[in-house]
Amino acid sequence: MQRSISLTAKRLFVHWNLQGIGNPPTVPSFFNLCGSGCWERSFASASGDYREILRNRLSDIIKVDDAVDLFGDMVQSRPLPSIVEFNKLLSAVAKMKKFELVISLGEQMQTLGISHDLYTYSIFINCFCRRSQLSLALAVLAKMMKLGYEPDIVTLSSLLNGYCHSKRISDAVALVDQMVEMGYKPNTFTFTTLIHGLFLHNKASEAVALVDQMVQRGCQPDLVTYGAVVNGLCKRGDIDLALNLLNKMEAARIKANVVIFNTIIDSLCKYRHVEVAVDLFTEMETKGIRPNVVTYNSLINCLCNYGRWSDASRLLSDMLEKKINPNVVTFNALIDAFFKEGKLVEAEKLHEEMIQRSIDPDTITYNLLINGFCMHNRLDEAKQMFKFMVSKDCLPNIQTYNTLINGFCKCKRVEDGVELFREMSQRGLVGNTVTYTTIIQGFFQAGDCDSAQMVFKQMVSNRVPTDIMTYSILLHGLCSYGKLDTALVIFKYLQKSEMELNIVIYNTMIEGMCKAGKVGEAWDLFCSLSIKPDVVTYNTMISGLCSKRLLQEADDLFRKMKEDGTLPNSGTYNTLIRANLRDCDRAASAELIKEMRSSGFVGDASIISLVTNMLHDGRLDKSFLNMLS
DNA sequence: TTAGGGTTAG
């Protein structure tokens with residue numbers, strides 16, 4: 001028996017070496033064995049009372065501080081508690097996800113000469129794996145095996161988790177196969193870990209297939225397995241598959257819990273299937289699963305986003321009736337919704353109500369309030385709220401500053417925005433892509449092209465990542481200030497880069513070229529588009545052609561646009577009508593006006609004044625004006 | 001005594 005175990009261990013090493021891991025790294029010093037056996041004093045001599053107290057304290061650990069205190073007492077008590085008690089403590093800390101603390105306590109144990117056992121090592125391996133320190137986990141495993149401890153299915157499942165979290169999904173899959181070959185029997189933990197890993201690496205179909213394979217391999221998926229799969233599917237928007245799983249669970253007599261329902265309901269909300277979400281909400285109640293505050297928050301938020309106020313308010317009362325207390329998330333969703341509806345007073349009242357209900361507003365609450373005021377150009381109130389936030393010891397984060405900076409920039413107060421940027425940096429917050437992009441836009445809007453370009457240069461030299469928004473704002477700014485050549489240099493660089501260009505960028509360049517009179521170049525770019533033009537692209541190009549009096553070409557493009565399924569808008573018609581009027585083509589103009597009117601659009605101010613002028617000098621007759629109104 | 005998943009707000 002003993003012989004077969006050590007043989008297995010050896011094969012395991014061969015396996016890892018074959019996988020190219022090489023020799024496991026050196027074990028951290030604290031894992032070196034010292035004084036083995038000498039601390040293996042049992043609790044036999046300790047009084048029953050003491051053991052009872054220790055057992056109670058171990059099972060009562062709720063906070064990290066409790067655990068640390070208990071550890072201090074344990075290492076001081078004589079005789080020392082057994083390794084079993086220490087393991088229980090470490091396990092409790094690991095469950096709080098304080099993996100670093102677990103490692104540090106292990107280090108202290110080693111210093112004190114308390115040696116580890118298989119369970120202790122398994123806990124460490126788990127901690128290193130959860131922290132994505134796979135090499136350290138492997139080092140502990142190597143040490144452990146050197147000491148004669150054979151990894152069990154738990155140890156290996158932890159390690160599997162490490163592979164899954166370390167971009168080594170194919171190695172993870174291979175590890176499970178290897179485990180089977182070596183006589184380990186994968187259980188629900190093993191499979192669930194791998195399924196979760198597959199989702200993490202975007203291998204959803206493999207993950208779903210593995211659920212069925214589990215059954216074939218004599219392993220029934222449990223609630224946790226289904227939870228992992230439902231979550232993975234919902235995140236990708238595969239909600240139908242997630243709903244199918246609910247049925248599968250029912251068939252397997254596994255009762256879904258509220259979190260699983262919440263996950264699906266929230267996805268349904270996000271993917272705009274509100275009615276299905278509400279139905280599922282009713283269904284869970286009939287199935288005896290009580291919705292909680294999260295369920296209500298998802299639905300209320302979604303209904304508010306759709307402007308379905310009465311439905312949202314009905315749910316809110318329903319929630320209160322059922323004695324489910326709204327929390328900070330509920331209030332945040334409502335505050336946001338009120339601001340978006342322009343109900344500033346109501347939003348502020350909600351903030352007051354939170355305080356009355358002793359629900360502490362958090363950073364998100366303040367960010368929403370600040371953003372709400374900024375959206376409605378109430379900069380002073382926004383700034384006041386910012387000060388209030390700071391006075392309440394709620395630390396502003398990068399988003400708080402970005403919101404305020406954006407508010408000031410939109411009001412053409414870019415200098416105030418820059419001042420905030422300085423303040424932010426003094427607080428140790430580093431500007432991100434949004435911060436720089438906002439300020440670049442602010443300078444352009446304030447007419448300061450040079451400063452905008454300077455900020456962009458600074459952004460690049462500070463290695464702040466640029467994104468598609470940065471470039472659309474930069475190119476748009478440069479083009480509108482007549483710096484087409486500079487814009488072209490950047491645009492050509494972008495075309496060669498990895499960045500996936502969107503239609504907005506192309507629209508900007510086509511517009512810039514047309515405005516600079518280079519309609520031919522714009523046309524070439526338009527013809528070379530590898531993505532679908534949108535209504536703005538067509539309008540810009542049509543307008544460019546019209547500016548060169550290429551009315552036939554503009555009309556051809558107008559037809560092509562409709563053939564391609566792009567609906568013309570008010571801008572399309574107005575551009576074409578204006579051009580045809582200027583060209584004195586009354587018949588074409590009249591035709592277009594008719595079509596425009598039947599599509600529900602009207603002539604804009606420039607058309608009206610153009611027609612009026614033409615009436616005065618006799619180029620048009622009165623019937624034209626009648627057609628327009 | 002060791003291992004697995006998951007929900008809400010900007």
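In the text below, chain A, chain B and the rest are named by the order of the sequence lines, each starting its count at 1.
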Hey, what's the ring geometry for A/F373 with A/F339, parallel, tilted or perpendicular (30° and 60° as the breaks)? perpendicular
With hydrogens left out and only the distance checked, is there a donor-acceptor pair under 3.5 Å joining [X]'s side chain and the base of [N]?
X      : N     : value
A/N262 : B/dG6 : no
A/T192 : B/dG4 : yes
A/T225 : B/dG4 : yes
A/N231 : B/dT7 : no
A/N187 : B/dA3 : yes

Could you give the [atom1]-to-[atom2] distance, from [X] to [N], as a whole number of Å?
X      : N     : atom1 : atom2 : value
A/L194 : B/dA3 : CG    : P     : 19 Å
A/L369 : B/dA9 : CG    : C1'   : 12 Å
A/F124 : B/dA3 : CZ    : P     : 13 Å
A/M319 : B/dT8 : CE    : P     : 15 Å
A/N371 : B/dA9 : CG    : C1'   : 13 Å
A/F191 : B/dG4 : CZ    : C1'   : 13 Å

When you check the phosphate oxygens OP1 and OP2 of [N], does a side-chain N or O of [X] lie under 4.0 Å from one of them?
X      : N     : result
A/K270 : B/dA9 : yes
A/N292 : B/dT8 : no
A/H196 : B/dG5 : yes
A/K88  : B/dT2 : no
A/T188 : B/dG4 : no

Donor-acceptor contact present, side-chain A/D238 to main-chain A/L241, <3.5 Å: no
Side chain A/T193, main chain A/F189, donor-acceptor under 3.5 Å: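 Side chain of A/T193 to backbone of A/F189, a donor-acceptor pair under 3.5 Å: yes, one is there.
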Ranking B/dG10, B/dT1, B/dA3 by distance to the side chain of A/N87, first place goes to B/dT1
Quick check for you: among B/dG4, B/dT1, B/dT2, whose closest atom lies nearest to any side-chain atom of A/D152?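 In terms of side-chain proximity for A/D152, the closest of B/dG4, B/dT1, B/dT2 is B/dT2.
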Ring-ring centroid check A/Y436 A/F421, cutoff 6.0 Å: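 Under 6.0 Å, so yes.
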Could you tell me whether [X] contacts a base, only the sugar-phosphate backbone, or nothing, with contacts defined as non-hydrogen atoms closer than 4.0 Å?
X      : result
A/I123 : sugar-phosphate
A/L223 : base
A/K95  : sugar-phosphate
A/T193 : sugar-phosphate
A/N397 : base

Tell me whether A/K287 is salt-bridged to A/E283, with the criterion being a basic N under 4.0 Å from an acidic carboxylate O. yes
Counting only heavy atoms not in A/M469, do more than 12 sit closer than 6.0 Å to its CE atom?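 Open.
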